[in-house]
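Numbers restart at 1 for each chain; the letters A, B, ... are given by sequence-line order, proteins then strands.
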Number of protein chains: 2
Amino acid sequence: MTETSDRECRIAAMFRALGDPTRLRIFSFLRSCCCPVTVDESGDVRTVQGPTAGEVCCSITGSDKVSSTLSFHLKELRVAGLITMERRGKTRVCGINTEAADELAAFLSGGATPPGCDD
Amino acid sequence: MTETSDRECRIAAMFRALGDPTRLRIFSFLRSCCCPVTVDESGDVRTVQGPTAGEVCCSITGSDKVSSTLSFHLKELRVAGLITMERRGKTRVCGINTEAADELAAFLSGGATPPGCDD
DNA sequence: ACAATAGTTCGACACTTCTCGAACTCTGGA
DNA sequence: TCCAGAGTTCGAGAAGTGTCGAACTATTGT
């Protein structure tokens with residue numbers, strides 16, 4: 001078996017993360033419900049004006065309590081690099097990582113170099 | 001839990017199929033190594049001038065024998081709708097379903113309507 | 001300091017997925 | 001008709017995944 005590159009693994013991991021219906025809905029919701037990044041007056045790229053974990057939960061499951069299950073899915077998406085989460089007081093604010101989404105889209109469109117495949 | 005739509009499930013299934021490194025490599029290989037579809041004079045979408053399962057196997061695993069494992073992965077991709085396979089004599093010729101790939105890319109780029117998310 | 005809120009982590013369980021080898025099917029050629 | 005070639009299907013076993021409730025952590029308000 002020829003080597004599977006790091007990049008390939010990272011991309012596969014992102015696809016895997018999106019391969020669960022619950023997580024796909026979370027991702028969809030986040031993409032539609034938050035402007036990805038905000039830049040404050042000092043020019044810093046601050047994270048996401050987005051929904052809290054609780055609001056995501058409310059939208060996805062209908063419950064206002066963040067279940068361990070939802071927390072688990074949020075973590076999967078975060079570890080895969082598809083979403084961001086930042087503490088804001090008692091809550092955690094979620095945002096989507098547009099770069100990652102773009103990378104996947106580019107991969108699918110054939111824009112990215114096909115890994116391990118010389119032609 | 002609000003309903004998960006059919007379309008969402010289909011898309012999640014495609015992402016899931018791409019979420020395995022071996023399958024991602026098969027998909028990559030197919031995309032780079034075959035013209036996706038040919039349309040004959042009657043307008044029928046005929047399949048793919050592409051590699052055989054054995055050739056895919058050779059490229060991915062280095063072995064010229066199609067293993068049950070590779071066959072399993074090809075089937076997963078086929079069932080998810082990402083690739084096509086057509087018998088040609090003793091062999092099976094593989095091709096990629098560009099429409100499916102495009103649908104996923106559109107979904108990631110935010111082109112598709114975010115399912116179950118009213119804003 | 002205490003309680004409440006918002007989420008996370010942990011352990012357990014059922015379920016699925018990946019991999020392997022063996023047996024099988026389907027097709028073309030001798 | 002029998003054989004070989006190209007894949008597929010099946011059964012089993014190991015590993016991974018998703019879900020749940022309970023216990024835990026961090027932060028804010030009193």
D:dT17 OP1/OP2 closer than 4.0 Å to side-chain N/O of A:Arg16: yes
5' precedence on DNA chain D between A:Asp20 and A:Lys90 (nearest-nucleotide basis): A:Asp20
Whole-Å gap separating P (D:dG18) and CD1 (A:Ile26): 11 Å
Test: B:Arg7 cationic atom under 6.0 Å from B:Phe107 six-membered ring centre, within 45° of axis: no
CA sep, side-chain torsions, deciding dist, call: B:Asp20, B:Phe27, side-chain contact (heavy atoms from CB on, under 4.5 Å): CA-CA 10 Å; B:Asp20 176 274; B:Phe27 180 82; over 6 Å; no
Whole-Å gap separating C1' (D:dT19) and CD1 (A:Ile60): 16 Å
Gap between atoms CD and C1', on A:Glu86 and C:dA6 respectively (whole Å): 16 Å
Within residues 66-76 of chain B: residues closer than 4.0 Å to DNA chain C (heavy atoms): B:Ser68, B:Thr69, B:Phe72, B:His73
Phosphate OP1/OP2 of D:dA6 contacted by B:Arg92 side-chain N/O (<4.0 Å): no
Steps toward side-chain contact (heavy atoms from CB on, under 4.5 Å) verdict (B:Arg25, B:Thr22): CA-CA 5 Å; B:Arg25 303 191 63 200; B:Thr22 303; 5.9 Å; no
For atom CZ of A:Arg88 and atom C1' of D:dA26, their distance in whole Å: 17 Å
Donor-acceptor pair, side chain of A:Arg23 and main chain of A:Ala17, under 3.5 angstrom: yes
Rounded distance (nearest 0.5 Å) linking atom NE2 of B:His73 with atom OG of B:Ser67: 8.0 Å
Separation of D:dG5 C1' from B:Lys65 NZ (nearest whole Å): 7 Å
Contact nearer the 5' end of DNA chain D, comparing A:Gly89 with A:Arg23: A:Arg23
Partner of B:Leu82 under side chain to side chain contact (heavy atoms under 4.5 Å, CB included), chosen from B:Asn97, B:Leu104, B:Ile96: B:Leu104
A:Leu24 CG - D:dG18 C1' separation (whole Å): 16 Å
Distance in angstrom units between A:Arg87 CZ and C:dT5 P, rounded: 16 Å
From A:Val93, A:Thr61, A:Leu30, A:Ile83, residue fulfilling side chain to side chain contact (heavy atoms under 4.5 Å, CB included) relative to A:Val56: A:Leu30
Sugar-phosphate, base or nothing in reach of B:Arg78, heavy atoms under 4.0 Å: nothing
